[in-house]
Structures are given as C-alpha cells and as structure tokens.
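To start, the structure itself, in structure tokens.
Values below: every heavy atom of this structure, side chains too, minus hydrogens, waters and symmetry copies. Computed from a prediction, not measured in an experiment: that's the story for all the values here.
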Amino acid sequence: MFRVNQSIRAALALALTLPLAAPALAGGKTLNAPADKPATSRTVLRSATAVSHFVPNLIVKFKGSTGSEKERLAIVRQGAERAQRVASVAARHGVAVNFSRRLATGGDLFHFDHPVSQVEAFRMAMEVRRANPDVQYAEPDLILHKLGTGTYTPNDPDFPSQWDMFDPAGGIDAQAAWSTTLGKGAVVAVLDTGVRPHVDLVANLLPGYNFVTTANQPAGTGWTADGSDPGDYCSATGEPSSWHGTHVAGTIAAVGNNGIGISGVAPQAKVVPVRVLGQCGGATSDIVDGMIWAAGGSVPGVAANPNPAKAMNLSLGGENPCMDTFHDAINQVIGLGSAVVVAAGNASHNVRDDEPASCPGVIAVGSVNKSGGRAYYSNYGGMVTVSAPGGEMFQGGDQTTGILSTLNDGQTTPGNDIYGYYQGTSQATPHVTGTIALMLSVNPNLTPAQIRQILTSTARPFSAYCAGCGAGIVDANAAVHAAATASASK
C-alpha cells in the first residue's frame, strides 16, 4: 500500500549504457488518515516518503556457483579471493568491500564500507562483470519496500465489513468456497515486516524467521528464529510502524468463527512469518534468502524450515525490471514446489517496470475496487496474472471500501491488537495466497504451474473497466472446485 523510491530511472538512463533499468520501488498513490478514527478499529491510509536511494552491498554470482555443501566448505577462502577482485573495482570508486556471506542462490554478498548510490553501484556491477569473465552476474543489493487487505457464515462480528470475501462485483466468493474447505492442512509463508501474534491470528502462526540483517537495515537484529514484527518505524522519514505483515497475514488466515474480529480467506490454514523488511525497507539479499528458506531450501548458516510453504506472499517490490538475483531465487523456489505470489505494485504504470512482479514464473496480482474495476493506483499490463480486491479509499469518502484486517496501534514499537483498513496491491495479493491455501487444502499435490493455471482459468470477468488486469478476478469457490477435480483426475 505504500509509495516508495521513484526518481532514479532517469538518472541511470543518462549514466549507463548497460541495458539495465534503474531501480525504484513500487508504491501507490496515498491519502491521509481521517482525524476521527473509531476507538476499536483504526482506519489507516499512510504514505511512505521516498527513502534514500543508497545500496549497502553488491551481489556477485560466479559461474559454477551452486551453493552445494562441498562448495560451502571453501566459502571463506573463496570469499577472501573474490573480495580482492571486487575490491579492485570498488577502490576506483573510493569504496572498500568485504565478503559478507554466500547466498542460497550461490551468489556472494560483498558489503560496502559505506552505502553508495544506486547509480554508482550499477556502475561497479558493470565493471566487475567486464573485469571478470567468470562472473555470471553482478548487481546492486537493492532495497525493496512494502507496497503500500448453504454457505458457511462465520460468527466473527466484523465479517459483514469484509466485502472482499463475498461482494458479487469485487469480492472473491470465499464464503461459497468455505462450504468445501477452510484451508486446513495448508501452509503458506508471508515475507514482509514480520507478523504480530495478534489475538485473531496467533492460533494460525507457525515458527518463522528473521532475515533482516544488522548490516543492511537499522532495524536488523541479526538472523534469529523469530518472524514477529518489532515495528518498522523509519527514522529517516518519520514514517510510523505499519504492521504491514500482520495486515497481510490476517487477510490470508485470521482465525474464523471464533466470535471476534474478522475471518481470513483460509481461516484454518497456517502461516510461516518471514521477516525480510525492516526499517525503511529490506535488502534483496535478505529477501531471496528468506524466499528459499520459506520454500524448504537450504540457506547457509540457518536451520531448515520445519514447515516448508507451498505458496508464499510477497506484498513488496521495487520499480526496476526483474534482475538476476530475483530470477535465480524464484526459479529455485518454484523448483522446490512453492508458488510465488507477488503484488503488482501501486504506481499506476505497466508492471514490466517492477520487480519481482515482472519476474518469470510469479503470480503477479493487480488490485480491483468494490465495483470490480481496476483500482486507480494498481499497476497493469500483460505481466499481471490475475486481480483481487485491494480496496479503493478516497479522502473524505467511505473508508470501508478498503480492506479490513488485523493491525497493531503502536507507532514505533508494538502496542495493542486492533483492526484497520488498508488499500493496495499489497492487500489484493493475500486474497490470492489465501485462495491458493484453500486449493492446497483439497489437493496438497498441486504444482506451482497447476496453481497458476487453475487461478487463471477459473477467474471471473471483471465487473467494471479493468484493462491490463490479468485473466480476471480470482474466484475462490471456482478455484477450489477446479483443484478438487484435478486431484480426482490424478
């Protein structure tokens, strides 16, 4: 739901002849929160002022690097030797580098002694490639940001406000799908700011992990087996903590029929919280390691995820076409059997300019409003796979046209459990991830390719104008029935 860095593309176009688009981070148009917030449910529309366009690290993948166990034994020796080769290039730019770690993709992370501009980092990456023929790719470790969520009727008191679950124009028909499944047995991951143990969510949370590193973000605490959200207050901009991951996770799997709050799309599914966004954003290197860990892959120095996710939600992104590090990680994650669901972005432009939404293999999700047409902020284009309700709120208008989900009232550090409305492709994406959880509940053997095919083939037509919004609005009920049929035909 958040607006993020957007000014660097033109600078890079002038600075480089290398065919790389300059990075900027996707976000949507934003509004201010109304002054008269209800005491029990916070209505929130925050903007995130652009933060610094600086890069802390360089990612370099050498040809033949696989991340194998045998190769890892030589990491320290290789790191020192390779750091010298990278350092010789960086020194010409007045920068010193140190080998930081081997990524799960097989790439090496080299840390700058001080953050450098994205333009300068792209220049260094280009020079490293030119000077070293054995380099497969080299690229800046970009900072990405959250993209700023008889039928069974749950007894959750705020369910009537969840139009996104049942509205015939803009909703996903989740209520009908619940006659078949509530998502029991499915495991998905949320890669975001972390997730608070909200009273309406904690029963569906599995152990997670924190991949935000101290070197990359002020909010980093070093890698720990803790996927909770300590707050993402950005001191550089004064932006309060968003509790973005908690809102996303609530849309996926808030506990249903428990007599409080709301219900998630898959109210009996389980969520693995993976913290990859800290203060003011998150590094690409941390995000890709979090992705591979969430899918059950091996990450150097981290114990394996005991609950591999068959789908993962990335309500984050940056305004830069898909780069090799993300492409590499997504291929590995899909190979491990996990579908990658990504927010298309909120800049109202073609999604081809955003990563990871433009990366091959992902399920890129656009946003529709309550009328079933494209929300004014949603990215669009041929790379959007499907759309889902993300809400559309206007200053002085009906704030309940946003997406109601779980939140926290702390401005910096955690406070009290609350509920509130957000809007954005960040909110649309968990509707798709929750639908996938329902599908996996009836057919746990679905592959990422099957999941994508079912979502697109069962999506229903848009109720209002929505050019470039993908195959249609996700239909949870139709997708669940198609998944069950696929299971029966195996």
Exercise. Going by heavy atoms in the side chains, are Tyr419 and Leu407 under 4.5 Å from each other?
Worked result: no

Exercise. Of all residues at least two apart in sequence or in a different chain, which pass the side-chain hydrogen bond (donor to acceptor under 3.5 Å, both in side chains) check with Ser358?
Worked result: none

For this session: Return yes if some donor-acceptor pair links the side-chain N/O of Ser405 with the main-chain N/O of His247 below 3.5 Å, else return no.
Result: yes

Problem set entry | Candidate list Asp141, Asp286, Asp108, test salt bridge (charged side-chain N to carboxylate O under 4.0 Å, His left out), partner Arg101, passing option | Asp286

Exercise. Pro356 and Gly317: which non-hydrogen atoms are nearest, and at how many Å?
Worked result: CD-CA, 3.9 Å

For this session: Could you list the residues that satisfy ring pair (Phe, Tyr, Trp, His ring centres under 6.0 Å) with Phe112, not counting sequence neighbours?
Result: none

Problem set entry | Heavy-atom check, side chain of Asp158 versus side chain of Gln162, under 4.5 Å | no

Seminar exercise, completed: All heavy atoms of Ala295 vs all of Val333, minimum pair found to be CB-CG1, 4.0 Å

Exercise. Do the side chain of Asn379 and the main chain of His349 share a donor and acceptor less than 3.5 angstrom apart?
Worked result: yes

Please set out all donor-acceptor pairs under 3.5 angstrom arising from side-chain atoms of residues 262-271, sequence neighbours excluded.
residue : atom : partner : partner atom : Å
Lys270  : NZ   : Ala203  : O            : 2.9
Lys270  : NZ   : Asn204  : OD1          : 3.4

Exercise. Going by heavy atoms in the side chains, are Met439 and Leu446 under 4.5 Å from each other?
Worked result: yes

For this session: Can you tell me which residue pairs pass the ring pair (Phe, Tyr, Trp, His ring centres under 6.0 Å) test with a partner in residues 314-335, sequence neighbours excluded?
Result: none

For this session: Start with the C-alpha distance between Val365 and Val342, add both sets of side-chain angles, then the distance that settles side-chain contact (heavy atoms from CB on, under 4.5 Å), and finish with yes or no.
Result: CA-CA 6 Å; Val365 183; Val342 180; over 6 Å; no

Exercise. Can you tell me how far CZ of Phe122 sits from CD of Glu127, rounded to the nearest 0.5 angstrom?
Worked result: 14.0 Å

Exercise. Can you list every pair that meets disulfide (SG to SG under 2.5 Å) and has a residue in residues 365-398, with sequence neighbours left out?
Worked result: none

Problem set entry | Derivation of the side-chain hydrogen bond (donor to acceptor under 3.5 Å, both in side chains) call for Ser378 and Ser367 | CA-CA 6 Å; Ser378 181; Ser367 179; 5.2 Å; no

For this session: Could you check Glu120 against Arg123 for salt bridge (charged side-chain N to carboxylate O under 4.0 Å, His left out), going step by step and ending with a plain yes or no?
Result: CA-CA 5 Å; Glu120 197 75 1; Arg123 286 181 179 142; 3.1 Å; yes

Problem set entry | Rounded distance [0.5 Å steps], CZ in Arg352 versus CG in Asn350 | 4.0 Å

Exercise. About how many Å separate CG of Asp354 and CE of Met383, when rounded to the nearest 0.5 Å?
Worked result: 10.5 Å

For this session: List for me each residue that meets side-chain hydrogen bond (donor to acceptor under 3.5 Å, both in side chains) alongside Glu392, sequence neighbours excluded, and say none if there are none.
Result: Asn369

Problem set entry | Results of side-chain hydrogen bond (donor to acceptor under 3.5 Å, both in side chains) for Asp192 - residues two or more places apart only | His244

Exercise. So, Asn132 side chain and Val135 main chain: donor-acceptor pair closer than 3.5 Å or not?
Worked result: no

Exercise. Is His431 reaching over with its side chain to a backbone N or O of Pro389, donor-acceptor style, under 3.5 angstrom?
Worked result: yes

Exercise. Okay, side chain of Gln136, backbone of Lys61: is any donor-acceptor separation there less than 3.5 Å?
Worked result: no

Exercise. Is it the case that more than 12 heavy atoms not belonging to Arg460 sit under 6.0 Å from its CZ atom?
Worked result: yes

Exercise. Would you find a donor on one side and an acceptor on the other, under 3.5 Å apart, between the side chain of Ser348 and the backbone of Tyr377?
Worked result: no

Exercise. Just how far is it from atom CD1 of Ile172 to atom CG of Asp475, taken to the nearest 0.5 Å?
Worked result: 8.5 Å

Problem set entry | side-chain contact (heavy atoms from CB on, under 4.5 Å) evaluation trace for Val442 with Thr180 | CA-CA 8 Å; Val442 297; Thr180 302; 4.1 Å; yes

Exercise. Hey, what do you get for CH2 (Trp243) to NZ (Lys146), rounding to the nearest 0.5 Å?
Worked result: 11.0 Å

For this session: List for me each residue that meets salt bridge (Lys or Arg N to Asp or Glu O under 4.0 Å) alongside Asp134, sequence neighbours excluded, and say none if there are none.
Result: Arg85

Exercise. With a 4.5 Å limit on heavy-atom distance, are the side chains of His145 and Leu277 in contact?
Worked result: no

Problem set entry | Under 3.5 Å donor-acceptor, Asn313 side chain and Val190 backbone | no

Problem set entry | From CE (Met312) to CD1 (Ile363), nearest 0.5 Å | 11.5 Å

Exercise. How about Trp163 and Tyr421: are their ring centroids closer than 6.0 Å?
Worked result: no

For this session: Compare all side-chain heavy atoms of Tyr422 with those of Met393 and state whether any distance is below 4.5 angstrom.
Result: no

For this session: Keeping the roles fixed (side chain from Ser241, backbone from Asp232), state whether a donor-acceptor pair exists under 3.5 Å.
Result: yes

Problem set entry | Backbone N/O of Pro444 and side chain of Lys310: donor-acceptor pair under 3.5 Å | yes

Exercise. Heavy-atom distance under 4.5 Å between the side chains of Thr429 and Leu314, does that happen here?
Worked result: no

Seminar exercise, completed: With Trp293 as partner, the option from Val276, Val288, Leu191, Val299 fulfilling side-chain contact (heavy atoms from CB on, under 4.5 Å) is Val299

Problem set entry | Qualifying residues under side-chain contact (heavy atoms from CB on, under 4.5 Å), relative to Ala311, sequence neighbours excluded | Val188, Ala339, Ile436

Exercise. Is a donor on one side and an acceptor on the other found under 3.5 Å between the side chain of Thr385 and the backbone of Ala364?
Worked result: yes

For this session: Could you tell me which non-hydrogen atom of Ala482 sits nearest to which non-hydrogen atom of Thr458, and how far apart they are?
Result: CB-CG2, 3.7 Å

Problem set entry | From CA spacing to verdict: side-chain contact (heavy atoms from CB on, under 4.5 Å), Arg374, Val368 | CA-CA 4 Å; Arg374 183 171 74 88; Val368 296; 5.7 Å; no

Exercise. Does any pair with a residue in residues 322-394 pass disulfide (SG to SG under 2.5 Å), and if so which ones, sequence neighbours excluded?
Worked result: Cys322-Cys359

For this session: Could you walk me through whether Thr325 and Ser285 pass side-chain contact (heavy atoms from CB on, under 4.5 Å), step by step?
Result: CA-CA 8 Å; Thr325 299; Ser285 55; over 6 Å; no

Exercise. Got Phe110 and Val60 here, is their nearest side-chain heavy-atom distance under 4.5 Å?
Worked result: yes

Exercise. Would you call Lys370-Asp398 a salt bridge at under 4.0 Å N-O?
Worked result: no

Seminar exercise, completed: With sequence neighbours left out, the residues meeting salt bridge (Lys or Arg N to Asp or Glu O under 4.0 Å) with Asp173 are none

Exercise. Does Thr193 have any side-chain hydrogen bond (donor to acceptor under 3.5 Å, both in side chains) partners at least two apart in sequence or in another chain, and if so, which?
Worked result: Asp229

Problem set entry | Pairwise side-chain contact, Leu142 with Leu144, heavy-atom cut-off 4.5 Å (strictly under) | yes

